[in-house]
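Take a look at the structure set out below.
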Amino acid sequence: MRRIRILTAVSALAAGLLTGGPPAPASAADEAKAPIAADTYTWRNARIDGGGFVPGIVFNREEKNLAYARTDIGGAYRWQQSTKTWTPLLDHVGWDDWGHTGVVSLASDSVDPDRVYAAVGTYTNSWDPGNGAVLRSSDRGATWQKADLPFKLGGNMPGRGMGERLAVDPNRNSVLYLGAPSGKGLWRSTDSGATWSQVTSFPNPGNYAQDPTDTSGYASDNQGVTWVTFDESTGTSGNATKTVYVGVADKDNAVYRSTDAGATWTRLAGQPTGYLAHKGVLDAEDGHLYLAYSDTGGPYDGGKGRLYRYATATGTFTDISPVAEADTYYGFSGLSVDRQDPGTVMATAYSSWWPDTQIFRSTDSGATWTKAWDYTSYPTRENRYTMDVSSSPWLTWGADPSPPEQTPKLGWMTEALEIDPFDSNRMMYGTGATIYGTENLKNWDSGGKFTIRPMVQGLEETAVNDLASPPSGAPLLSALGDIGGFRHTDLTEVPSMMFTSPDFTSTTSLDYAETDPDTVVRVGDLDSGPHIAFSADNGANWFAGTDPSGASGGGTVAAAADGSRFVWSPAGAGVHHTTGFGTSWSASSGIPAGAIVESDRVDPKTFYGFKSGKFYVSTDGGATFTASSATGLPSGDGVRFKALPGTKGDVWLAGGAADGAYGLWHSTDGGKSFDKLPNVEQADTVGFGRAAPGASYQTLYTSAKIGGVRGIFRSTDKGATWTRINDDAHQWGWTGAAITGDPRVYGRVYVATNGRGVVYGDTSDTGGGGTDPGPGPDPEPAGSCAVAYTVTNRWPGGFQAEVRLTNTGSSAWNGWSLAWSSPAGQTVAQAWNAAVTQEGSAVTAKNVSWNAGVEPGASVGFGFTGGSAGAAAEPAAFRLGNQSCTVT
């Protein structure tokens, strides 16, 4: 299967962040500007379910069903057992801190399960201008505090599947350790993650780099200190654990130990050399430290590997590898022990790309092993499992491989595998595209077959390059990194298949004919084969076109308004044009190679282009372009522009950079001249949707900075005024690739993210949008409750509050409604993670669809901003249905 994620990150950043990236943080002057109008939106994902690499899964060792997953560029998630879905935890990460959507490690506190930590940062080289941070939460990730680090972290760097680099002392939970990359060594916090200092006694910062000759700094970075494991048996409650094991990216010195709570460190004697220790998992019950080794850092590479068992009492290493070294063509990484059944251990051959990944299981501490699949007689395979991907049918890739390959595959890049510490039957593992899992794992040992299914709903991890919402047919077409793209006929359902025939590794651009939406074109990257495809049925079926000479990648593409012709600006070749469906191409003149191309949405012979500060226009179907005399446009190529449907020559252009022209421009004369909107400081995308009731001009949408605030904005009056439609809890890092409104639903907008999939919003404004199907009738959960209400921020005339609602009863809630009386003069403005209404002083907060289920002892959090004539007083009492809640 294809090697995913790195292509997404590099191409997305190269196309956007590096040329027109996030500006410097807002200045105090910016923050003091008058507030802008705001609207309450309901935000969801267009369901794809997964779509990217999951390098880490973490179960809490103290509380049943509490689990987290980390992604390389798409944030972190918490498992919701009642719905068997994942809840995103880092959607609050904003534009300036976009790198903090990359999660290099997670740690869940087994002493206080409400506490969770995330080490964040996407790249250690220049691609990410910001340093890393450790985020800490005392409410399971509903809200976070941040401790900035003096170095970078690399959630999307080589070696990101090793770990976990972040660990909480299981006896003294105020102590945490973090393994750093780039030669920065081992770091420790003694105040629950609030501050960090280097462990200067730790002797080895690592020395392994994937490719020391890489001048970009990506593959040449020292992968550093890679994991931390505590031996909980060597400590007592409230006292620091004495024995700590640490993995280092050094093939000669991979594992170190401290027996004095981190004061001194020693290389473990007798350890194997020539390999990197990807994982170190300790089973304190039987005194074994299990180690998974690979000859490289992964997650794509790895040609040899071993598994070892270290006896903590005797200091003896034993090679417990399930196959001879000569028979490996992969490294080992995924590693887990069964906490309910000491001696049961599992491991993955993470880099076995062909014919499939392999999973190994031992019930005797590694003395003997069985495999998830084996050959009966080559190429025939016998599997111990069955796979059911009916919930995510695209995981078959529409493939029909020859044996021994199968579809769907068991996986690839399988660096995360965890057995539920409370349930020996449940196991989850991450792949390059999803999380798979089983709930009848012990069938493996009894001779039956266990069933593997996707366990990924709610975890949306695609990087989005382009979006289209045609006026008829499917409401959403998407161009995605790594898995091509999808045609959504229902935003709440997973499409049956991604675009195929051909299936690009990454789709870079797509377009439809404005007056004939059945005609669709897409372009993308592919190792070999055509880079363009056409559809005559609104993207339901596709056929490949022919590349012009020299084309090596997707670039951008535009369809004529009536579908009669196309203009394509592929990578590796100049701009070309064709009539019909691209059986032959002719070079366009007057426009430079690499230009971004778009079409007029009325005149089928008019096309537009942009390159390096110049706007270009063709009126002969793309044969010849003429440079516009328009000046003052952005000088770089971090630009997106679109022509308005229904009006010839009406063009909007967004983009720029903080050190030059940056904003939103409008042309009404086909690009001959542009006017810069004075009320938009910065803008990176522009799109159109259905006009507001009573409005004559289509609704504008942009990812921009307006009024000193970064966000997603809507204008119903041609840009004269703007309304922010997201909030601080819904920012999704970088949103600079694409945006489009829905031409059929007023207020609906689709937002491209770099790792959180396609996010769409519906307005609560009069006259439009969808409604959240989640709450339904007023829920009346039984049992007791507790509420913690905290004012987290104040400003003249306003405040922000966070509410934590805990189920202190014995029965699960399936829906909740919390009510209180607002202190005099307070009003609710915007809310997140709940649907909040107010009538007079009476305020009611109801669950939304994804947080309706609350298990006994579990909590749910939401927040809101509000207005206040005086001090932001706190409510005195809260009711859950007819039940009074304890106020904490």
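A quick note: this is a predicted structure, and the numbers were derived from the prediction, not measured. Residue numbers count from 1 along this sequence. Below, all heavy atoms of this structure are taken into account, side chains as well, without hydrogens, waters or symmetry copies.
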*Check ring-ring contact (aromatic ring centres under 6.0 Å, His included) between Phe862 and all other residues, then give those that pass, not counting sequence neighbours.*
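Result, ring-ring contact (aromatic ring centres under 6.0 Å, His included) vs Phe862: Trp816.
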*Listed by chain and number, what are the ring-ring contact (aromatic ring centres under 6.0 Å, His included) partners of His488, not counting sequence neighbours?*
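Scan of His488 (ring-ring contact (aromatic ring centres under 6.0 Å, His included), adjacent residues dropped) gives none.
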Does any N or O in the side chain of [X] come within less than 3.5 Å of the main-chain N or O of [Y], such that one atom is a donor and the other an acceptor?
X      : Y      : value
Ser599 : Ala560 : no
Ser635 : Gly613 : no
Trp394 : Ile48  : yes
Thr735 : Ala752 : no
Ser535 : Asn541 : yes
Asp600 : Ala561 : no
Asn679 : Ile706 : no
Glu681 : Gly708 : yes
Thr508 : Gly555 : yes
Gln698 : Pro645 : yes

Spatial distance of atom [atom1] ([X]) from atom [atom2] ([Y]) [nearest 0.5 Å]:
X      : Y      : atom1 : atom2 : value
Lys614 : Thr631 : NZ    : OG1   : 8.0 Å
Leu459 : Thr87  : CG    : OG1   : 10.5 Å
Tyr608 : Ser667 : OH    : OG    : 7.5 Å
Glu493 : Arg47  : CD    : CZ    : 6.0 Å
Asp728 : Gln800 : CG    : CD    : 6.0 Å
Phe713 : Thr723 : CZ    : OG1   : 9.0 Å

*Any chance you could lay out the side chain to side chain contact (heavy atoms under 4.5 Å, CB included) test for Leu664 and Trp722, step after step, and finish with the verdict?*
CA-CA 12 Å; Leu664 184 63; Trp722 294 92; 3.7 Å; yes
*Taking everything shown except Lys676 itself, do over 12 heavy atoms lie less than 6.0 Å from its NZ?*
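Atom NZ in Lys676 is packed in, count exceeds 12.
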_For the CG atom on Asp717, are there more than 12 heavy atoms of other groups (residues, nucleotides or ligands in this structure) within a distance under 6.0 Å?_
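Correct, the count exceeds 12.
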*asked:* For a side chain to side chain donor-acceptor pair (under 3.5 Å) check, start with the C-alpha distance between Thr606 and Asp603, then their side-chain angles and the critical distance, and finish with the verdict.
replied: CA-CA 6 Å; Thr606 297; Asp603 184 349; 2.9 Å; yes
Just jot down the side chain to side chain contact (heavy atoms under 4.5 Å, CB included) partners of [X], sequence neighbours excluded, or say none.
X      : result
Asp516 : Ala513, Asp518, Thr519
Thr489 : Ala474, Arg487
Ser478 : Leu467, Leu480, Phe486, Val758
Asn45  : Glu460, Arg756, Val759

*Could you go step by step and tell me if Thr865 and Asp727 meet the side chain to side chain contact (heavy atoms under 4.5 Å, CB included) rule?*
CA-CA 9 Å; Thr865 58; Asp727 53 60; over 6 Å; no
Shortest non-hydrogen separation from [X] to [Y] and the atoms involved:
X      : Y      : value
Val523 : Thr507 : O-CG2, 3.3 Å
Ala831 : Val836 : CB-CG2, 3.5 Å
Asp650 : His666 : OD1-NE2, 2.7 Å
Pro517 : Asn538 : O-ND2, 3.0 Å
Gly671 : Ser628 : O-OG, 2.5 Å
His531 : Asp525 : CD2-CA, 4.2 Å

[Y] and [X] side chains, donor-acceptor separation under 3.5 Å:
X      : Y      : value
Tyr41  : Asn726 : no
Asp39  : Thr763 : yes
Asn156 : Tyr123 : yes

*Using ring pair (Phe, Tyr, Trp, His ring centres under 6.0 Å) as the criterion, point out the one residue from Phe566, Trp542, Trp568 that pairs with Phe534.*
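Going through the options one by one, the only one that passes is Phe566.
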Non-hydrogen side-chain atoms of [X] and [Y] separated by less than 4.5 Å:
X      : Y      : result
Thr702 : Val680 : no
Ile596 : Ser509 : no
Asp482 : Thr462 : no
Lys705 : Tyr662 : no
Arg748 : Tyr701 : no
Val597 : Phe607 : no
Thr101 : Asn754 : no
Ser392 : Gln457 : no

*Should Asp762 and Arg44 be marked as a side chain to side chain contact (heavy atoms under 4.5 Å, CB included) after you check the CA-CA gap, both sets of side-chain angles, and the distance that decides it?*
CA-CA 9 Å; Asp762 283 316; Arg44 309 179 185 89; 3.4 Å; yes
*Between Lys642 and Asp511, is the closest basic N to carboxylate O distance under 4.0 Å?*
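A salt bridge is absent here (no side-chain N lies under 4.0 Å from a carboxylate O).
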*Over 60° means perpendicular and under 30° means parallel, so classify the ring planes of Tyr760 and Tyr750, tilted if in between.*
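The arrangement is tilted - the two ring planes meet at 30° to 60°.
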*Can you list the steps and then say if Arg710 with Asp684 is a salt bridge (charged side-chain N to carboxylate O under 4.0 Å, His left out)?*
CA-CA 11 Å; Arg710 254 288 167 182; Asp684 291 85; 2.6 Å; yes
*Criterion side chain to side chain contact (heavy atoms under 4.5 Å, CB included) on Glu461 and Val54, from CA distance to verdict*: CA-CA 9 Å; Glu461 203 191 345; Val54 180; 3.7 Å; yes
*Evaluate the criterion salt bridge (charged side-chain N to carboxylate O under 4.0 Å, His left out) for residue pair Lys611 and Asp637; output intermediate values, then yes/no.*
CA-CA 6 Å; Lys611 175 70 174 176; Asp637 293 324; 3.2 Å; yes
